[in-house]
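Written below as structure tokens is the structure these notes are about.
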Amino acid sequence: MDESKIKSGTTRKFEKALKQADREKYVLKLYVTGMTPRSRIAIRNLKKVCDEYLKGNYELEVIDIYQQPTLAKGEQIIAVPTLIKKLPEPVRRLIGDMSATDRVLLGLDLKPKK
Amino acid sequence: MPRVEKKGTAAKLGKTPTGIHGLDEITGGGLPQGRPTLICGGAGSGKTMLAMTFLEYGARQYNESGVFFSFEETENELATNFASLGYDLTDLIESKKIVVDFVAIERSEIEETGEYDLEGLFIRLGTAIDEIGAKRVVLDTIEALFAGLKDTGILRAELRRLFHWLKARGVTTVITGERGDNTLTRHGLEEYVSDCVILLDHRVSNELATRRLRIIKYRGSSHGNNEYPFNVDEFGISLLPLTSMGLTHKADMERVSSGIQELDNMISGKGYFRGSSILVTGMAGTGKSSVGAHFINAGCERGERCLYFDTEESPGQIIRNMRSIGIDLEKWVKKGLLEFVAARASMRSLEEHLLVLQRKADAFKPSLIVVDAITDFSTMGTGLAVKWMTTRMVDFFKSRGITGIFNSLVTGADIEDSGIGVSSTMDVWMHLVNVTGDLERNRIMYIIKVRGMAHSNQVREFLITNDGVKLMQVYTGPSGALMGSARLAQEAAEKRSALDRKLAMATKQKELLRKRTVLEAQIAGLRAELEGQEAESQRIGEDENEREREIARDKKEMAVKRHVGRTGAAK
């Protein structure tokens with residue numbers, strides 16, 4: 001995947017969205033199962049997106065549901081990794097290792113649906 | 001590839017009882033223990049209910065707690081569904097018998113951003129199982145995952161892993177799946193569940209819906225192959241296995257009176273064998289119901305409980321009608337010895353009728369049941385279905401030792417027709433006929449067969465009187481059989497001639513007596529005459545003697561006189 005192309009494209013196209021994002025703080029929770037390679041990839045991919053598009057205006061908590069299994073039921077976790085965007089509304093769920101950046105941006109409402 | 005679990009000795013496959021009446025019979029004990037079972041069927045075929053029952057019975061009857069993973073219904077919706085079957089889900093949850101987890105997947109809320117697995121589901125399942133030490137798991141219906149997640153490649157791999165994992169946990173799992181167009185399940189779950197597959201079907205025929213169940217596959221176990229009707233009501237699920245009952249009923253030697261003395265006389269003098277099935281066929285108005293009423297009356301008099309399964313009249317009507325022939329059924333109802341199950345045949349499907357009857361019988365425990373009339377059910381299904389139903393009834397009655405009377409309405413001339421082909425399953429078959437002749441209709445009855453005992457081959461006139469049913473001897477003579485008023489006339493004529501004979505005899509005897517008196521008088525007269533003669537003759541004898549003596553005396557005197565004169569001369 002040509003990440004630079006996406007980045008340059010999105011940066012230009014969605015400045016407006018970025019401005020909105022600046023206004024409200026993002027509260028993100030990433031549920032993983034232990035420090036598996038996939039967990040690491042997901043965390044790394046997510047941080048990259050956040051740093052680039054949210055510029056520090058976010059709060060990310062990584063939760064290991066092996067350690068807190070009851071949260072899996074409470075938060076309706078099925079697929080792992082799952083990222084839940086608690087704020088701003090609406091609540092959104094992203095599953096997978098966050099490697100498809102455009103989908104991550106879509107999920108985080110940083111890119112309007114076509 | 002060598003299989004790890006393969007061992008030298010094959011252990012017998014364990015079974016986990018479902019507790020569902022009938023299902024455990026056809027599976028030889030239940031679902032494969034510690035393995036997944038797939039239950040598939042169309043919408044509304046009863047998959048969820050079967051799954052719920054599996055957990056409820058497990059918890060209540062077998063002390064095995066269970067986990068219910070619902071992918072479609074929330075906990076509240078589930079509780080409502082449980083309640084519709086009479087189960088208290090809230091209580092089961094509070095008493096740690098069941099854990100419910102509602103798995104919500106909303107595709108519109110989910111963005112798939114790369115590789116993932118379903119470890120979250122595994123953790124939730126594992127936590128729930130560990131929480132109450134569950135032995136049973138229900139996944140209803142896991143196919144909802146296909147609607148929520150796009151990556152079917154991941155999903156299929158994870159499902160395969162899930163079923164292996166469940167097996168490794170040793171929990172007996174029920175997985176439900178919606179039926180596909182040409183496949184058992186829409187997403188081919190049957191590929192992953194190879195141990196046991198059960199197909200449910202909800203079919204409408206003759207405007208009545210019937211649920212059916214079939215075991216498609218049961219690895220390592222024999223099972224019933226047929227389609228078995230099943231029923232869902234406030235008592236839960238029950239299955240009606242026909243063949244599973246087998247022919248192993250024990251044969252009772254005890255006899256029960258039919259309630260009609262003359263009928264008992266016709267079958268070796270004591271009535272039916274207990275537990276036998278009696279078929280009473282006849283045209284409309286031949287008195288079939290009264291045969292049943294007599295049987296019930298006799299049963300109640302012995303203090304036995306009786307059940308009247310009725311599809312033609314209301315209980316009130318039956319009680320009234322039977323009162324007119326001198327049978328008071330109402331008092332038995334009041335004493336609690338007689339109960340009615342009255343329902344039009346069209347009210348329920350055949351299976352439901354059978355289940356209602358079975359339930360009632362199992363609760364009330366009657367020793368006699370009258371079914372009036374089995375022919376009503378032929379409006380409900382094909383001839384084959386009705387035959388099966390009757391056979392199941394017979395099997396059921398026999399398995400409970402219940403003596404049953406089955407009334408069957410004949411419409412045609414062919415009496416075999418009336419038995420709906422079930423006569424071969426019956427132990428006793430009697431037939432009632434209306435005979436028209438001499439401008440009147442009369443009822444006759446005869447016994448076609450009685451298994452295991454001698455019986456009369458006579459045709460009897462079947463009289464319904466104010467004092468119940470009477471079986472009269474039919475008069476036969478040079479002019480043929482006589483019935484009804486002809487028989488009455490014959491009886492009267494015989495009575496009259498008997499009276500005449502009696503009168504004639506009396507007159508003759510009187511005459512003889514008179515003659516005897518006359519003769520005796522004559523004898524007395526003669527005897528008197530004889531006596532007179534004898535006296536006369538005696539008197540005559542005596543006179544003669546006197547005369548002789550007088551003569552002798554005279555001679556003597558004369559001699560004396562002469563002697564005097566001769567005295568000198570002699571000197």
Side-chain angles (χ1 to χ4, degrees), chain A residues 1 6 28-34 36-46 48-49 63-86 89-111 113, chain B residues 67-75 93 98-132 134 137 139 141-159 161-162 165:
Chain A
M1 197 175 286
I6 294 164
L28 304 171
K29 291 185 191 258
L30 181 65
Y31 294 88
V32 295
T33 44
T36 59
R38 188 177 290 148
S39 302
R40 283 184 229 278
I41 294 171
I43 294 166
R44 199 177 60 221
N45 284 339
L46 184 61
K48 209 154 83 185
V49 171
I63 298 147
D64 181 1
I65 50 171
Y66 281 148
Q67 306 297 321
Q68 299 180 65
T70 50
L71 279 180
K73 184 176 178 178
E75 291 289 348
Q76 281 293 357
I77 309 298
I78 305 155
V80 176
T82 291
L83 173 70
I84 301 180
K85 173 179 76 92
K86 294 272 184 187
E89 299 274 356
V91 174
R92 284 203 162 271
R93 290 167 171 272
L94 290 80
I95 60 171
D97 58 13
M98 312 290 151
S99 56
T101 312
D102 56 338
R103 296 214 153 265
V104 176
L105 292 174
L106 204 62
L108 293 176
D109 290 324
L110 293 170
K111 172 182 169 186
K113 283 186 180 171
Chain B
V67 169
F68 198 108
F69 261 61
S70 170
F71 293 82
E72 289 173 336
E73 292 171 302
T74 63
E75 200 174 307
I93 292 171
I98 286 185
V99 169
V100 174
D101 191 348
F102 168 52
V103 181
I105 319 152
E106 190 54 62
R107 193 167 189 158
S108 61
E109 282 181 7
I110 296 173
E111 205 62 61
E112 296 188 23
T113 67
E115 292 277 306
Y116 57 90
D117 57 41
L118 297 185
E119 195 61 24
L121 187 63
F122 284 74
I123 289 171
R124 284 164 76 167
L125 257 173
T127 310
I129 291 168
D130 292 339
E131 190 183 331
I132 52 167
V137 170
L139 305 175
T141 160
I142 200 155
E143 280 184 309
L145 289 176
F146 284 92
L149 303 171
K150 284 175 209 157
D151 196 329
T152 51
I154 291 178
L155 203 45
R156 290 187 182 281
E158 285 297 276
L159 283 183
R161 185 163 75 96
L162 178 67
W165 180 82

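Quick note on labels: first sequence line is chain A, next is B, and so on, each numbered from 1. Below, all heavy atoms of this structure are taken into account, side chains as well, without hydrogens, waters or symmetry copies.
In this structure, Ile123(B) and Pro69(A) approach most closely via the heavy-atom pair CG2-CB, 3.7 Å. Shortest non-hydrogen contact noted between Ala72(A) and Gly120(B) is CB-O, 4.3 Å. Contact between Pro81(A) and Glu115(B) at its shortest, heavy atoms only, is CD-O, 4.0 Å. The two residues Thr113(B) and Met98(A) come nearest to each other via the heavy atoms OG1-N, 3.0 Å. Annotation for Gly114(B) and Asp97(A): closest pair CA-OD1, 3.2 Å, computed over non-hydrogen atoms. Taking each heavy atom of Glu112(B) and Arg103(A) in turn, the nearest pair found is O-CD, 2.9 Å.
Using a 4.5 Å heavy-atom threshold, the side chains of Ile78(A) and Leu145(B) count as touching.
Atom OH of Tyr116(B) and atom CZ of Arg38(A) lie 10.0 Å apart (nearest 0.5 Å). Of the inter-residue distances, the one linking Asp151(B) atom CG with Ile95(A) atom CD1 reads 8.5 Å to the nearest 0.5 angstrom. Here Lys73(A) contributes atom NZ and Leu121(B) contributes atom CG; the two are 12.5 Å apart, rounded to the nearest 0.5 Å. Of the inter-residue distances, the one linking Thr70(A) atom OG1 with Glu131(B) atom CD reads 9.5 Å to the nearest 0.5 angstrom.
A donor-acceptor pair under 3.5 Å is formed between the side chain of Gln76(A) and the backbone N or O of Phe102(B). In terms of modelled atom types and a separation under 3.5 Å, the side chain of Arg124(B) and the main chain of Ile77(A) share a donor-acceptor contact.
The greatest number of non-hydrogen atom pairs below 4.5 Å with chain A, out of Ile105(B), Asp101(B), Leu149(B), is found for Asp101(B).
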- prompt: Going through the distances and angles, do Thr36(A) and Glu119(B) end up as a side chain to side chain contact (heavy atoms under 4.5 Å, CB included)?
  reply: CA-CA 12 Å; Thr36(A) 59; Glu119(B) 195 61 24; over 6 Å; no
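At a 4.5 Å heavy-atom cutoff, Phe122(B) makes no contact with chain A through either its backbone or its side chain.
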